[in-house]
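Worksheet: the structure to be examined is printed underneath.
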Amino acid sequence: MKLATLSVGLVAAISLLGSAAGAPASSSNPGKTDSTCAYRIGFQLISYMNTGMLKGGEASCTNNNEEGYRAGIGLFTTKYGSVLAVVNEYMKSPDYKDEFKDVIEQLKKTAAAQSGPEGLDTFCDAWSKAALNAGPFFDAQVTVLRSMYEAPALKAAKGLKIRLPLTKAAMTQAALTNGLGNDGKTIGAVITATNKKFDENYVGPSDSTLKVNGHEVDEIEWLKEFLNAKDVLADKEVQFSDVFRSVLRRGYFTLSDEIEFKGLEGKDVSIDCSKFTAAKPPAVPTELVIEEQVPPGPFVIL
């Protein structure tokens, strides 16, 4: 189906995703992640799927070969500049401790050329050190995740009249892992492929109905097809969609209370409404001081 024949809502949604594939968009409204329970759970769910951890994901850092390094709660990339955006945001903090002074210039070159991991051998060391500065570095990651990926994903959701927090979280995670844009495996391409599946009305379990190609489609039915389309376009990330499918099957559409789902390792994982924060850095061991023992004097037997 060509773009010209899509519904007005979909055209509006796609037009909001015009960044290059994999590259971040920009926004000056990072907002906060602790306003509602749904927000807190949604962000913890996204971070868990990206890093495999409920806490401590901000310190993750791996060499992903062609994509360079991927790091942090949003799987930020050195190749497409989102790592550089996090570092730049962190450097604004009065608590910045020069962790990236030796790699910042190479990060700029890598992002500009959209190149691989070459020249960044010490990057993960710098990222790990910054993660010890838990609060400020975590906040920088959240700001970039929200402004560069969540904001355009939510604009697309608004164009489609998406209402459910679970669907919005899935779209934000797709923007992070698949990238922004309209072709290839990007979220815009996923939306296009999803809407092609609907040529009649679809009823479903939610109270939210979307208008797709002139038909009334239950939002959860739409989300199921969105996850399927995401898998087809990026089959190496099927496990991420499986986590969402587990949440979906158990009926946690609104993320309004504690959720439990089958995690990445096949075991049940639970997430509650706790505030989304960095893990506490490990305590720095203090030097053990052993006082000199004064031997007892000679015993006197009376």
Side-chain angles (χ1 to χ4, degrees), residues 27 29-60 72-76 86 89 131 133-158 161-177 204-208 219-220 222-224 226-227 239-282:
S27 170
N29 184 24
K32 296 182 178 180
T33 60
D34 59 356
S35 55
T36 65
C37 183
Y39 237 83
R40 292 180 178 188
I41 290 177
F43 266 76
Q44 289 180 80
L45 183 61
I46 291 168
S47 178
Y48 168 75
M49 286 191 295
N50 288 341
T51 66
M53 294 180 279
L54 291 175
K55 288 289 186 182
E58 65 277 1
S60 66
I73 60 174
L75 287 181
F76 305 110
V86 170
E89 185 67 29
N133 195 6
F137 191 51
F138 178 83
D139 291 345
Q141 293 187 42
V142 170
T143 295
V144 171
L145 191 160
R146 294 215 57 200
S147 64
M148 289 187 166
Y149 296 100
E150 185 207 31
L154 291 189
K155 285 182 180 179
K158 184 177 181 181
K161 307 224 182 302
I162 297 291
R163 290 174 47 206
L164 298 175
L166 179 60
T167 310
K168 293 176 181 179
M171 293 178 73
T172 298
Q173 204 268 338
L176 282 161
T177 58
S206 81
D207 294 325
S208 177
E219 184 173 326
I220 288 301
W222 187 91
L223 175 57
K224 291 177 182 177
F226 179 85
L227 296 173
Q239 60 177 340
F240 296 139
S241 297
D242 283 346
V243 171
F244 273 111
R245 289 187 182 98
S246 177
V247 177
L248 186 155
R249 283 194 297 269
R250 299 186 187 191
Y252 299 115
F253 307 152
T254 62
L255 306 181
S256 58
D257 203 348
E258 182 175 1
I259 67 172
E260 189 174 85
F261 55 92
K262 184 173 288 188
L264 296 172
E265 297 180 353
K267 300 177 181 178
D268 275 0
V269 175
S270 61
I271 297 177
D272 60 25
C273 290
S274 301
K275 188 174 180 180
F276 183 42
T277 60
K280 292 182 178 180

Legend entry - Residues Glu219 and Ser208: side-chain donor-acceptor under 3.5 angstrom: yes
Inset, instruction - Taking only Lys NZ, Arg NE, NH1 and NH2, and the carboxylate oxygens of Asp or Glu, determine whether Asp242 and Arg249 approach each other closer than 4.0 Å. - result: no
Legend entry - Ser256 OG to Leu166 CG distance, which is reported to the nearest 0.5 Å: 11.5 Å
Inset, instruction - Taking the side chain as every heavy atom from C-beta outward, state whether Leu45 and Val243 have any atom pair closer than 4.5 Å. - result: yes
Inset, instruction - Hey, could you give me the CH2/CG distance between Trp222 and Leu227, rounded to the nearest 0.5 Å? - result: 9.0 Å
Inset, instruction - Check the pair Arg250, Glu260 against side-chain contact (heavy atoms from CB on, under 4.5 Å), reporting the backbone distance first and the verdict last. - result: CA-CA 8 Å; Arg250 299 186 187 191; Glu260 189 174 85; 3.8 Å; yes
Legend entry - Minimum-distance pair of heavy atoms, taken over all atoms of Phe253 and Leu164: O-CB, 3.9 Å
Inset, instruction - Of all the heavy-atom pairs spanning Phe137 and Glu58, show the shortest one and how long it is. - result: CE2-O, 4.0 Å
Inset, instruction - Examine distances only and state if a side-chain atom of Ser60 and a backbone atom of Gly57 form a donor-acceptor pair shorter than 3.5 Å. - result: yes
Inset, instruction - Find the distance between CG (Leu264) and CE (Met53) and round it off to the nearest 0.5 Å. - result: 11.0 Å
Inset, instruction - Identify the two heavy atoms, one from Glu265 and one from Tyr48, that lie closest to each other, and give their separation to 0.1 Å. - result: N-OH, 4.5 Å
Legend entry - 4.5 Å side-chain heavy-atom contact, Lys55 and Thr277: yes
Inset, instruction - Specify the closest pair of heavy atoms between Ile41 and Ile259, including all atoms of both residues, with the distance to one decimal. - result: CG2-CD1, 3.6 Å
Inset, instruction - Rounded to the nearest 0.5 Å, what's the gap from OG1 on Thr36 to OH on Tyr39? Could you check? - result: 7.5 Å
Legend entry - Heavy-atom pair of closest approach, residues Ser270 and Leu54: O-CD1, 3.8 Å
Inset, instruction - Verify, without hydrogens or angle tests, whether Gln44 (side chain) and Arg40 (backbone) share a donor-acceptor contact under 3.5 angstrom. - result: yes
Inset, instruction - Drop me the distance from Ile73's CD1 to Ile46's CD1, to the nearest 0.5 angstrom. - result: 9.0 Å
Inset, instruction - In sequence, state the C-alpha distance, the side-chain angles, and the governing distance for Phe226 and Met171, and then conclude on side-chain contact (heavy atoms from CB on, under 4.5 Å). - result: CA-CA 9 Å; Phe226 179 85; Met171 293 178 73; 4.0 Å; yes
Legend entry - is_close_aromatic(Phe261, Tyr252), centroid dist under 6.0 Å: no
Legend entry - pair Leu154-Lys158: side-chain heavy atoms closer than 4.5 Å: no
Legend entry - Spacing of CG belonging to Leu145 relative to OG1 belonging to Thr172, to within rounding of 0.5 Å: 7.5 Å
Legend entry - Lys168 side chain to Gly42 backbone, donor-acceptor under 3.5 Å: no
Inset, instruction - Given side-chain contact (heavy atoms from CB on, under 4.5 Å), test Tyr149 with Gln173 step by step and report yes or no. - result: CA-CA 8 Å; Tyr149 296 100; Gln173 204 268 338; over 6 Å; no
Inset, instruction - Could you tell me which non-hydrogen atom of Ser147 sits nearest to which non-hydrogen atom of Pro152, and how far apart they are? - result: O-CD, 4.0 Å
Inset, instruction - Measure the acute angle between the ring planes of Phe138 and Phe276, then classify it against the limits of 30° and 60° as parallel, tilted or perpendicular. - result: perpendicular
Inset, instruction - Start with the C-alpha gap between Leu176 and Leu75, add the side-chain angles, then the distance that decides, and say whether side-chain contact (heavy atoms from CB on, under 4.5 Å) holds. - result: CA-CA 7 Å; Leu176 282 161; Leu75 287 181; 5.9 Å; no
Inset, instruction - Inspect the surroundings of CG in Asp207 and state if more than 12 heavy atoms from other residues, nucleotides or ligands are less than 6.0 Å away. - result: no
